[in-house]
Amino acid sequence: MQGTDTSPTNFYEEYASTLETSRPRETQPEYYSFLKRTLDISVVALALPVALFLIFIFAIIIKMETPGPAFFMQQRVGLHGKYFKVIKLRSMGVNAEKNGAKWAIVNDPRVTKVGRFIRKTRIDELPQLLNVLKGDMSFVGPRPERPMFTAEFNQEIPDFTKRLSVKPGLTGWAQVNGGYDITPKEKLNLDLYYINNRSIKIDLRILFETIKVVFNGKGAR
């Protein structure tokens, strides 16, 4: 089948070519990016010892429960439409997408027993600390979507790609205000609120709210 304007590759090539004229005006102080990157590295440094221990333990448990690798990599869309790969602990069976990619649903049968726990506590996302260190992601920002989903949502929801005007995050305003329990449209509105009002103060608030989410499992699937 020939590529169309709705294919992820063509969509993002077109998006990247027009980005300079459509990029929202930067309203944050010049030092915000420096402080945010400093915060990212500081939080990762503090979290890494415990994170590595949890990643090691659950990687073993995942291998014991189901065949296949404990980790998997997945392509996502980052800042200004740039593709990158996130690394996650595997929470589904190895053939979870044999019928094609789809969003997780409530009580998704593809999720394993240990997968249900690590998704609820967000432990499956811990390997993405490496993405934060690399600079592909920030600790706080809109969660990066897969190319096919971003292309689909952009057709259905005006301005969905405005989420790409900032670096994606390990956690974000949408994640602490609903997570998977909200629609893509609601997610966009929350992400745009963050983009338009982002500051170190809001970033710190999101980090503290994320700790609550980890313990109560709010918005997980």
Side-chain angles (χ1 to χ4, degrees), residues 3-37 39-40 74-86 88 101-104 122 125 128 131-132 134-207 209-210 213 218-219 221:
T4 66
D5 290 341
T6 60
S7 70
T9 301
N10 288 348
F11 177 82
Y12 286 106
E13 286 176 351
E14 180 181 351
Y15 172 78
S17 68
T18 60
L19 184 65
E20 290 300 324
T21 58
S22 62
R23 187 178 302 175
R25 183 173 59 88
E26 181 62 59
T27 58
Q28 278 61 42
E30 292 183 2
Y31 57 80
Y32 172 73
S33 295
F34 172 78
L35 290 178
K36 187 174 178 65
R37 183 59 180 161
L39 178 64
D40 285 343
Q74 200 173 67
Q75 192 174 63
R76 298 293 175 99
V77 185
L79 180 64
H80 302 157
K82 180 183 178 181
Y83 286 9
F84 71 101
K85 290 186 176 181
V86 297
K88 303 179 71 172
K102 66 177 183 178
W103 257 25
R122 279 34 177 211
E125 310 284 3
Q128 289 169 47
N131 291 109
V132 177
K134 286 176 59 180
D136 292 327
M137 297 172 62
S138 175
F139 220 96
V140 176
R143 281 296 294 165
E145 289 288 357
R146 298 171 70 175
M148 67 286 289
F149 292 143
T150 309
E152 176 185 337
F153 295 150
N154 187 67
Q155 285 190 321
E156 300 171 355
I157 307 170
D159 296 330
F160 193 82
T161 53
K162 284 186 177 180
R163 300 173 72 254
L164 305 180
S165 63
V166 299
K167 192 176 292 187
L170 188 61
T171 184
W173 189 243
Q175 279 58 53
V176 299
N177 286 281
Y180 283 105
D181 291 336
I182 57 178
T183 66
K185 174 64 175 177
E186 292 170 327
K187 183 177 183 178
L188 171 63
N189 289 336
L190 290 167
D191 286 334
L192 290 181
Y193 172 84
Y194 170 75
I195 290 170
N196 293 328
N197 297 278
R198 64 194 188 277
S199 66
I200 294 300
K201 181 179 179 180
I202 291 180
D203 287 350
L204 290 172
R205 178 180 175 183
I206 292 172
L207 288 176
E209 290 295 326
T210 299
V213 170
K218 180 181 178 183
R221 289 185 182 176

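- Pairing each heavy atom of I202 with each of N197, the nearest pair is CD1-O, 2.8 Å.
- A 4.5 Å side-chain heavy-atom check between V140 and T171 finds at least one atom pair inside the cut-off.
- Nearest approach of L164 to G78, heavy atoms of both residues: CD2-O, 3.7 Å.
- If you take CZ on F153 and CZ on R146, they are separated by 11.0 Å, rounding to the nearest 0.5 Å.
- R76 meets the salt bridge (Lys or Arg N to Asp or Glu O under 4.0 Å) test with no other residue; sequence neighbours excluded.
- Scored by the side-chain contact (heavy atoms from CB on, under 4.5 Å) test, K185 finds I157, T183, N189 as partners (sequence neighbours excluded).
- R163 places a side-chain N or O within 3.5 Å of a backbone atom of R143 that can act as its donor or acceptor partner.
- In this structure the side chain of T210 reaches within 4.5 angstrom of the side chain of I206, judged on heavy atoms.
- Across D191 and A174, no two heavy atoms sit closer than the pair OD1-CB, 3.6 Å.
- With sequence neighbours left out, the side-chain contact (heavy atoms from CB on, under 4.5 Å) criterion links L35 to Y31, I200.
- R205 is listed as a side-chain neighbour of W173, based on a closest heavy-atom distance under 4.5 Å.
- Under the side-chain contact (heavy atoms from CB on, under 4.5 Å) criterion, N131 pairs with F84, V86, I87, Q128, D136, M137, not counting sequence neighbours.
- Looking at residues two or more places apart in sequence or on another chain, you find a salt bridge (Lys or Arg N to Asp or Glu O under 4.0 Å) between E209 and K212.
- Nearest heavy-atom pair across Y83 and V77 is CE1-CG2, 3.9 Å.
- The main-chain N or O of I182 is never found under 3.5 Å from a side-chain atom of K187 such that the two would form a donor-acceptor pair.
- Between the side chain of R37 and the backbone N or O of F34 there is no donor-acceptor pair closer than 3.5 Å.
- Residue V166 comes nearest to P142 through the heavy atom pair CG2-CD, 3.5 Å, listed as atom of the first residue, atom of the second, then distance.
- Here L192 contributes atom CG and L190 contributes atom CG; the two are 9.0 Å apart, rounded to the nearest 0.5 Å.
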| request: Begin from the C-alpha positions of V213 and R122 and carry the test side chain to side chain contact (heavy atoms under 4.5 Å, CB included) through to its verdict. | output: CA-CA 9 Å; V213 170; R122 279 34 177 211; 3.6 Å; yes
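- When the side chain to side chain donor-acceptor pair (under 3.5 Å) test is applied to D40, the partners found at least two apart in sequence or on another chain are S138.
- Interatomic distance, OH of Y194 versus CG of N177, reported as 13.5 Å (0.5 Å rounding).
- Atom CD of Q75 is separated from atom CD of E145 by 13.5 Å, given to the nearest 0.5 angstrom.
- To the nearest 0.5 Å, atom CG of residue N196 and atom NZ of residue K162 are 8.0 Å apart.
- Residues R198 and Y32 have side chains in contact (heavy-atom distance under 4.5 Å, counting atoms from C-beta outward).
- Scanning all heavy atoms of the two residues, the minimum distance from K36 to D203 falls at NZ-OD2, 3.0 Å.
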